[in-house]
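What follows is a single structure, written as structure tokens, with notes after it.
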Protein chains: 2
Amino acid sequence: MSHTLGIRQAQKQKTRQALMDSALQLLEHQSLSSLGLREVTRAVGMAPAAFYRHFTGTADLGVALVEQALGSLHDTIRAAIVTTGSSEERIDRAVALIAAQVRTHPAHVRFIARERHGGVAPVREAIGVQLRAFGDEVAEALGADPESAGWPPEDVRMLAGVYVDHMVMTASALLEGDEGSEEAVLATARAQLRLVTLGRHHWLD
Amino acid sequence: MSHTLGIRQAQKQKTRQALMDSALQLLEHQSLSSLGLREVTRAVGMAPAAFYRHFTGTADLGVALVEQALGSLHDTIRAAIVTTGSSEERIDRAVALIAAQVRTHPAHVRFIARERHGGVAPVREAIGVQLRAFGDEVAEALGADPESAGWPPEDVRMLAGVYVDHMVMTASALLEGDEGSEEAVLATARAQLRLVTLGRHHWLD
DNA sequence: GCCTTGAGAGTACGACTGTTCACTGACTAC
DNA sequence: GTAGTCAGTGAACAGTCGTACTCTCAAGGC
């Protein structure tokens, strides 16, 4: 599949990426429904009309951004679930993973948090699909865990939903707080996961 | 304090409310950062310049909407926490309360969910203040509960945060799903609360 | 090597935006 | 009763917006 693509295609993908990067930067201080097509092209330094060579409109660009922000995260998350160790260690690793993701890709995280309930329906839908996919994958991983033996599948899926929601909440909490409060947010996140883990241990009592 | 206010002031408050109502309606399909001042006045049927008699801009209007959407909810939530009964009964009542709130004021709930991480900083801040106040109030109510005896205050506050976050998540989940999936969302919400309650029982083990 | 393709430039269009200003006329204080 | 206050009007301002059009010219297929 990785056949070398021509100079032309390569250049097109490059400017497409430039459009997405500039858009992501502009979205730091506004939401997608107010992002102008001209605004993006101006930031990249090209004519407005050229935008249409890559996207049908800003909504389309938003969907592409969702793909980029969440598409590559599936394997990472799946791997995080199946790590071994005590509950405490696994919680630490999961929270550290979220913190790392927020630190390395803050703009992507902000975009997802902002547009998850934002005003652009296709983008909302795309994020919903991705998060539901995360939930399914986490549920599958949890189902394989011996601790989930005897659990009804819908309860496993419910628990997976808690983990995914908590991940999103923690990520956006990290963005909102000033950088000094990072450790406090992470400590709360760990405590919350401990609470859930405790409930999980006694679910079938 | 309830001294009859003149015809003039009454009329002003009336149009102010009309502006807020129209804005809320327009915000059903877009976010605040893309809401135009002219758009709102057009919906109300008055001249654009008159807007400034009531708000300094759309951000100011948004903050007023936050106040209206969440300001009156404090007593309701506080009352919901202190109800008696078994854990199961209390969970049912809490979830029913959320469902009722979403059913009676869907536009307000959508606005809060959308702008909580939206592109307008003052509005984000106002929502954050209100939700933190909810958390504090819930924490205070939880602290009075005999079940929380021996809990460190920060753990009580953490638990309160879980409840508030869960409330917001459930509310927005109700909005996203089609009306047929309401009972499924509520069932999941109840299960999640049961999980947290279970963890709560064993927190000090 | 030539012919086709297509990314991007440049220009122009009408519609819409936030903000200002002088104004009107119903209410209110005295 | 009269003078002043002030919510709302209507016109005008300079910008910005999305979109359509023709044009250019480097890359790629044959």
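Just so it is clear, the values below take in all heavy atoms, side chains as well, and ignore hydrogens, waters and symmetry mates. Throughout, a chain's letter reflects where its sequence line sits, starting with A, and its residues are numbered from 1.
Residue contacts for Tyr52(B): at a heavy-atom cut-off of 4.0 Å it reaches a base atom on one of the strands shown. Among the protein residues, Arg42(B) comes within range of the sugar-phosphate backbone only, with heavy atoms under 4.0 Å from sugar or phosphate atoms but none that close to a base.
The side chain to side chain contact (heavy atoms under 4.5 Å, CB included) test applied to Val44(A) returns Ala18(A), Leu19(A), Ser22(A), Met46(A), not counting sequence neighbours. Under the side-chain hydrogen bond (donor to acceptor under 3.5 Å, both in side chains) criterion, Arg78(B) pairs with Glu140(B), not counting sequence neighbours.
Both Thr58(A) and Met46(B) sit near DNA chain D, but only Met46(B) has its closest nucleotide nearer the 5' end. Nucleotides of DNA chain C nearest to Arg8(B) and Glu39(B) differ in position, and the one nearer the 5' end is that of Glu39(B).
Judged by distance alone with a 3.5 Å cut-off, a donor-acceptor contact links the side chain of Arg38(A) to the base of dT19(D).
For Ile7(A) and dG29(D), the CD1 to P distance is 11 Å, given to the nearest whole Å. Atom CD in Gln9(A) sits roughly 14 Å away from atom C1' in dG29(D) (whole-Å rounding). Protein atom CG of Leu37(B) is 13 Å distant from nucleotide atom P of dT9(D), rounded to whole Å. The interatomic distance linking Arg53(A) (CZ) with dA27(D) (P) rounds to 17 Å, in whole Å.
Of the possible donor and acceptor atoms, none in the side chain of Arg116(A) sits under 3.5 Å from a partner among the backbone N and O of Arg114(B). Checked by atom type and distance alone, the side chain of Arg93(A) never pairs as donor or acceptor with a backbone atom of Ala80(A) at under 3.5 Å.
For Thr15(B), a side-chain nitrogen or oxygen approaches OP1 or OP2 of dG8(D) to under 4.0 Å.
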**OP:** Decide yes or no on salt bridge (charged side-chain N to carboxylate O under 4.0 Å, His left out) for Glu176(B) and Arg124(A), but give the supporting numbers first.
**Re:** CA-CA 9 Å; Glu176(B) 282 178 42; Arg124(A) 234 165 35 218; over 6 Å; no
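Ile112(B) CD1 to Ile127(B) CD1: the interatomic distance, rounded to the nearest 0.5 Å, is 4.0 Å.
Close approach of DNA chain C to chain B, defined as any atom under 4.0 Å from a non-hydrogen atom of the protein, starts and stops at dT17(C) to dT28(C).
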